[in-house]
Peer 1: 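Structure in structure tokens, see below.
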Amino acid sequence: MAKTVEITWQGHACFELNNRKNVIVDPFIEGNPSAKIQKEDIQADIVVVTHGHSDHVGDALFIAKNNEAPIVTMVELAWLLSEKDNSLTIHDINFSGNVQIDGIKITAVPALHSSSYEGMYAGNPGGMIIDFGDICIYHAGDTGLFKDMDLIGSYYKPDIALLPIGGHYTMSAKEAAEAVKMIKPKVAIPMHYNTFPLISQDPNIFKNLVEKETDAKVIIPKIAEKFKLDVS
Ligand SMILES: [Zn+2]
């Protein structure tokens with residue numbers, strides 16, 4: 001069976017992942033200088049948020065309401081978001097915990113980072129494993145490099161890894177290439193770079209390092225351009 005997914009990078013850490021259902025992760029659209037879409041135009045079945053920082057929660061509440069879609073996020077952040085809008089379905093998970101929605105399994109994994117939301121402590125930040133059944137994607141959230149990425153790789157066996165490379169707040173290209181060695185995905189996609197001057201990065205440095213030192217292929221998406229990936 002073909003293992004395919006349609007991916008649209010909406011800039012920064014925001015991805016739409018479409019396989020039967022459209023899952024949007026970290027929907028930072030309004031205020032995102034690299035975004036090329038309006039939040040009103042996002043069609044999503046599930047909204048996933050890795051942690052509380054404003055460049056990741058972004059328009060999650062608006063998009064969830066506009067699409068009558070559930071949100072999946074880390075537990076303390078889920079509580080904070082519920083206080084903002086208790087009409088939404090917000091699934092609160094913690095590390096190794098998961099929810100299954102329409103056959104899509106979403107599992108929280110650690111990220112080495114911090115998390116706050118509108119000045120409030122928002123619990124632990126996470127990465128998310130989004131398993132469509134036939135294809136599995138790891139969105140690392142914001143994270144530094146950590147050794148348990150090899151466990152995330154060997155246990156969840158993601159086909160695709162979405163990794164921050166912008167440095168300053170997260171891994172840079174060099175650390176992210178080291179992460180690929182541990183995660184061992186078939187495809188690695190860089191994110192969280194060039195949105196702001198502080199996280200300027202040439203994604204080709206990441207691509208060259210990864211493709212020289214691992215078997216993974218690196219795809220550098222163009223913002224708002226949907227592409228289909230087959231990792232069969
Ligand atoms: Zn962050």
Side-chain angles (χ1 to χ4, degrees), residues 9-17 23-35 39 47-64 71-81 83-84 90-95 97 106-130 137-149 152 158 161-180 183 188-201 203 206 221 223:
W9 184 39
Q10 298 293 7
H12 207 52
C14 179
F15 284 88
E16 291 185 66
L17 309 169
V23 179
I24 189 164
V25 187
D26 287 356
F28 174 45
I29 309 287
E30 195 174 294
N32 174 357
S34 63
K39 62 183 178 182
V47 181
V48 175
V49 181
T50 59
H51 66 290
H53 290 153
S54 57
D55 56 328
H56 294 260
V57 175
D59 304 299
L61 291 168
F62 176 87
I63 290 166
I71 295 177
V72 179
T73 192
M74 298 297 293
V75 59
E76 282 83 6
L77 178 59
W79 296 340
L80 292 173
L81 294 178
E83 283 173 18
K84 298 283 270 192
I90 304 183
H91 298 278
D92 58 340
I93 55 175
N94 215 329
F95 299 139
I106 300 163
T107 307
V109 294
L112 193 63
H113 192 62
S114 60
S115 182
S116 58
Y117 176 67
E118 296 188 342
M120 306 270 285
Y121 174 69
N124 284 312
M128 294 286 174
I129 304 286
I130 298 150
I137 299 168
Y138 168 38
H139 188 296
D142 277 1
T143 187
L145 183 65
F146 60 99
K147 186 73 175 74
D148 283 354
M149 284 175 168
I152 291 170
L162 313 176
L163 300 170
I165 67 159
H168 198 86
Y169 300 111
T170 68
M171 302 188 287
S172 69
K174 227 175 149 196
E175 286 92 7
E178 202 62 29
V180 174
I183 301 160
I189 297 177
M191 63 173 178
H192 210 273
Y193 67 95
N194 290 355
T195 323
F196 311 106
L198 267 180
I199 56 172
S200 295
Q201 186 74 247
F206 174 68
I223 292 169

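Every number for a ligand or one of its atoms is a count from 1 in the order of the listing.
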Peer 1: Distance check, rounded to the nearest 0.5 Å: Ser116 atom OG versus His53 atom NE2?
Peer 2: 4.0 Å
Peer 1: Between Thr73 and Val49, is there a donor-acceptor pair closer than 3.5 Å when you use the side chain of the first and the backbone of the second?
Peer 2: yes
Peer 1: Does a side-chain heavy-atom distance below 4.5 Å link Thr143 with Met149?
Peer 2: yes
Peer 1: Does the side chain of His12 reach to within under 4.5 Å of the side chain of Asp26, using non-hydrogen atoms?
Peer 2: no
Peer 1: Quick check for you: within a radius under 2.8 Å, how many protein N, O or S atoms neighbour the Zn ion (ligand 1)?
Peer 2: 4
Peer 1: Looking at Asp59 and Glu30, would you say the former's side chain and the latter's main chain have a donor-acceptor pair under 3.5 Å?
Peer 2: yes
Peer 1: I'd like to know whether His192 forms a side chain to side chain donor-acceptor pair (under 3.5 Å) with Asp142, so could you lay out the CA-CA distance, the side-chain angles of the two residues, the decisive distance to 0.1 Å, and finally the verdict.
Peer 2: CA-CA 8 Å; His192 210 273; Asp142 277 1; 3.0 Å; yes
